[in-house]
Amino acid sequence: VVTDEDLRFITEVLESFAEFLSNSWLRLAEALKERRRKDRELQLSRKEFAYHALEGGDSGGTDFDEIRNLAHKIGFTKLPNRVLVVRLESEAECQVPTIQFDLSFASALTAVDELCEGLNNVATAHLRKSGICVFFHNPPSRQGRTAEFFALRLASRLLHAIQEQGELKVRIGIGTAKDEWRHLAESYREASAALAGSTTSIAAYRKPTSSLANLLSYAEHLSQLLTERKLDEAKSAIASLPVLVSRCLGSEAEDFSAASVFFSGTLESLCFTARNLGCDADAIASIGNSPSASIERASDLFQLRE
């Protein structure tokens, strides 16, 4: 038996406790909302940095101060000088229901983000056309430990983290370290070329042979002809590509990977040049997608050249 005064006291205590809980949950909800907002801003900043880096700083007149501020905003104390490309198998390749693929893909992205967030001077960005790019600062060689060891260790950790999250197959390409952020696009292309020219889980870029180097110089020449609007010369030069590839790379089966990398890279370079000249981006994408898909489907050198 308790008195009315005791009941009123107990009720006041419970009401105060209820008000405390309500305020606590409200503050927690506001804190979570603010955290999600900051996470979205961080993700957008990463994509913006990746966009400027892969465009080589030529888009929008990006200067050093702007890219440095972006890098600082996403957590870099030293500007990145190297790129990894994480390639997950597509939905068509893994042949699983769409919902299961979406879940596995999202889990893989989360694993990459969580690992990179816990490392210094490492950031990731998932771009629709460029895939999953990991930008990082590769320290120079010191005390007998080479710079390659750092990149290989990072790639191994990413590979292990993704494999723990799901069944999607993953491969990682490693570009070379650069001396300036404007050359990160080149490191990205090297990482993509390493993936195209190898079947291993982790593929590091190696400098091309002299023959392939000559072909790459020729591809640059094609873009230069387009830039100077020498269209007739450009058409003739492009028409001679199959013969030139046969002469430089030969016609053996083992030359298929090198030729595939060359044709894919040349196609991408020509489309990029056309966009810079003012061609409609959607039209260029439509034109580029068809031969790009044909290159991927090609099973021999003859189909590749066609």
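No experiment lies behind these values; they were computed from the predicted model shown.
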Query - Short side-chain donor-acceptor distance under 3.5 Å, Glu220 and Gln224 - result: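 Side-chain D/A pair, Gln224 to Glu220: absent.
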Query raised in the report: Just by distance, with hydrogens left out, do Thr3 and Asp6 show a side-chain donor and acceptor under 3.5 Å apart?
Result: yes
**Report entry** For His126, all residues meeting ring-ring contact (aromatic ring centres under 6.0 Å, His included), sequence neighbours excluded
**Finding:** Phe105
Query raised in the report: Does Tyr188 have any ring-ring contact (aromatic ring centres under 6.0 Å, His included) partners at least two apart in sequence or in another chain, and if so, which?
Result: none
Query raised in the report: Under a single-linkage rule joining Ile, Leu, Val, Met, Phe, Trp and Tyr whose side-chain heavy atoms are separated by less than 4.5 Å, which residues share a cluster with Leu103?
Result: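 Besides Leu103, the hydrophobic cluster comprises Ile99, listed by chain and residue number.
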Would you compute the distance between atom [atom1] of [X] and atom [atom2] of [Y] and round it to the nearest 0.5 angstrom?
X: Ile132; Y: Ile172; atom1: CD1; atom2: CD1; result: 9.0 Å
X: His160; Y: Gln163; atom1: NE2; atom2: CD; result: 8.0 Å
X: Arg182; Y: Ile67; atom1: CZ; atom2: CD1; result: 8.5 Å
X: Lys169; Y: Ser104; atom1: NZ; atom2: OG; result: 13.5 Å
X: Phe49; Y: Trp181; atom1: CZ; atom2: CH2; result: 8.0 Å
X: Glu268; Y: Ser223; atom1: CD; atom2: OG; result: 10.5 Å

Heavy-atom check, side chain of [X] versus side chain of [Y], under 4.5 Å:
X: Ile238; Y: Leu270; result: yes
X: Lys47; Y: Leu127; result: yes
X: Val134; Y: Val86; result: yes
X: Phe9; Y: Val2; result: no
X: Tyr51; Y: Glu48; result: no

Query raised in the report: Of all heavy-atom pairs between Gly175 and Ala191, which one has the smallest distance, and what is that distance?
Result: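 In this case the closest contact between Gly175 and Ala191 is N-CB, 3.5 Å.
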Do the side chains of [X] and [Y] get close enough for a salt bridge, i.e. N-O under 4.0 angstrom?
X: Asp65; Y: Arg68; result: yes
X: Asp39; Y: Arg35; result: yes
X: Arg37; Y: Glu34; result: yes

Query - Heavy-atom neighbours of Glu5 CD exceed 12 at 6.0 Å - result: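 Not buried by this count: 12 neighbours or fewer within 6.0 Å.
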Query - Glu89, CD atom: more than 12 neighbouring heavy atoms under 6.0 Å - result: yes
Please tabulate, for the side chains in residues 15-23, all donor-acceptor contacts under 3.5 angstrom to protein atoms that are two or more places apart in sequence or on a different chain.
residue : atom : partner : partner atom : Å
Ser16   : OG   : Glu12   : O            : 2.9
Asn23   : ND2  : Glu19   : O            : 3.3

Requested in this report: Applying side chain to side chain donor-acceptor pair (under 3.5 Å), name anything that partners Thr200, two or more places apart in sequence or on another chain.
Outcome: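 So Thr200 forms a side chain to side chain donor-acceptor pair (under 3.5 Å) with Ser198.
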Query raised in the report: Partners of Glu233 by side-chain contact (heavy atoms from CB on, under 4.5 Å), sequence neighbours excluded?
Result: Leu225, Lys230
Quick check: does any side chain N or O of [X] sit under 3.5 Å from a backbone N or O of [Y], one acting as donor and the other as acceptor?
X: Ser187; Y: Thr176; result: yes
X: Arg46; Y: Ile74; result: no
X: Asn81; Y: Asn138; result: yes

Query raised in the report: Linking I/L/V/M/F/W/Y whenever any side-chain heavy atoms sit under 4.5 Å apart, do Leu7 and Leu14 land together?
Result: no
Query - Within one Ile-Leu-Val-Met-Phe-Trp-Tyr cluster: Leu109 and Leu119, side-chain cutoff 4.5 Å - result: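 Shared cluster, yes.
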